[in-house]
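Proteins come first, then strands; the chains are lettered A, B, ... in the order of their sequence lines, and each starts at number 1. These numbers come from the heavy atoms of this one structure, side chains and all, not from hydrogens, waters or symmetry mates.
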Protein chains: 2
Amino acid sequence: MLRLSKKADYALIAMAHLALKPGSSSAREIAESYDIPTELMAKVLQRLTRRGLLTSQQGTRGGYQLSRAATGITVADVIQAIDGPVSVTACSAHADRCGQFAKCNVRDPLWRIRELIVSALSRTTVSELANDNDAVNAVRSAQLVAVHGRV
Amino acid sequence: MLRLSKKADYALIAMAHLALKPGSSSAREIAESYDIPTELMAKVLQRLTRRGLLTSQQGTRGGYQLSRAATGITVADVIQAIDGPVSVTACSAHADRCGQFAKCNVRDPLWRIRELIVSALSRTTVSELANDNDAVNAVRSAQLVAVHGRV
DNA sequence: TCATCTCCGACTTGACTGGTCCTGTATTAG
DNA sequence: CTAATACAGGACCAGTCAAGTCGGAGATGA
């Protein structure tokens, strides 16, 4: 558990894709590159646009591109744009209002853990996401060949 | 998002409770202390027992208690006992087998982030969970009085 | 102006979690 | 011995939310 939604997944994939691609890409183009349902990918991109992480261009040659440098966008930004604020517990969303857990005994320690997670997510940028992958993929391919004897 | 399930929440609450209580406590007793549905709490405790984190005693004066020292049980242990292994992405569960994401471009960076999260969860013990809270609660009570004028 | 491409917001569906119920078994108090 | 208490565990129901779909609006190019 502690899984992030598929939409957030798709969002990160798209952001990494756009970080590497110089121009703009359409929703369809990105979706087909990664076998993601086109409409769903479109929806994710729309939300990212509304949150200001992307800029969109309508019309025949339209598409999306990053609104700012990939080095200035963190994984936390993307996830929170899609899934809302990161909240480990149900009550941490309302911060204090949580009748049931008036006597809750783990709220504050958990809140501290949440801070750790957020800081981990904030430390990784979309740029790193994209570049990391390039480097790693080369290694992975080599390993796959070594282990399974195929690409 | 990135929220953990309510059952995991309850599990942590119960573990912290048992860490402070010297003897053993029944499911009903714990449930009522925190306004948690009794049956559901029982289920959570049962699972914790099956995973070896608790020992149970049947019969009239029965109940649950920690199977080992609270300092030797981490938050990660508890969460994984209830919700299964921590997996940030859908495909990280199967590790490599994930047809759809054959060309996934963010798998490895995300996997590294998962490691960070797990290590954060593994660094906090149930003992800390329980004690942290005691200290904080005193402060909280004082704050509540100051702000709302009531306990 | 027409055709086409793309973005966009509302809608439907299906899985999953939270929660309940019921039956069975072990232990102990009286 | 019996009744009360407490754990064990399977089956079941319901509300919620994510995943995925549908029809429309806006922009562009010919």
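- A side chain to side chain contact (heavy atoms under 4.5 Å, CB included) with B:Val118 holds for exactly one of B:Ile79, B:Val86, B:Thr74, B:Val88; it is B:Val86.
- Under the 4.0 Å criterion applied to side-chain N and carboxylate O atoms, A:Glu29 and A:Lys21 are assigned as salt-bridge partners.
- Between the CG atom of B:Leu40 and the P atom of C:dC21 there is a distance of 13 Å, rounded to whole Å.
- Cluster membership check: A:Leu116 does not share its hydrophobic cluster with B:Val126, using side-chain heavy-atom separations under 4.5 Å among Ile, Leu, Val, Met, Phe, Trp and Tyr.
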Each nucleotide N or O in nucleotides 26-30 of chain C that has a protein N or O under 3.5 Å away: list the pair and distance.
unit_1 : atom_1 : unit_2  : atom_2 : d
C:dT27 : O2     : B:Thr60 : N      : 3.2
C:dT27 : O2     : B:Thr60 : OG1    : 3.1
C:dT28 : O2     : B:Thr60 : OG1    : 3.2

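- With D:dA19, D:dA6, C:dC8 as the candidates, the nucleotide lying closest to the side chain of B:Arg28 is D:dA6.
- Taking atom NZ of A:Lys7 as the reference point, atom P of D:dT21 lies 13 Å away to the nearest angstrom.
- Annotation: B:Arg61, atom CZ; neighbour count of heavy atoms from other residues, nucleotides and ligands within 6.0 Å does not exceed 12.
- Residues A:Arg28 and A:Glu39 are not paired through a salt bridge, judged by the lack of any N-O separation under 4.0 Å between the basic side chain and the carboxylate.
- In this structure, A:Ala27 reaches the sugar-phosphate backbone alone: every heavy-atom distance under 4.0 Å involves primed, P, OP1 or OP2 atoms, never a base.
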Contact list (N/O, under 3.5 angstrom) for nucleotides 9-12 of chain C vs protein:
unit_1 : atom_1 : unit_2  : atom_2 : d
C:dG9  : N7     : A:Gln46 : OE1    : 3.4

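- Distance CZ (B:Arg47) to P (C:dG19): 14 Å, rounded to an integer number of Å.
- A straight line from CG of A:Asp9 to P of D:dA18 spans 14 Å, rounded to a whole angstrom.
- Applying the 4.0 Å criterion to OP1 and OP2 of C:dC8, one finds that A:Ser56 has a side-chain N or O inside that range.
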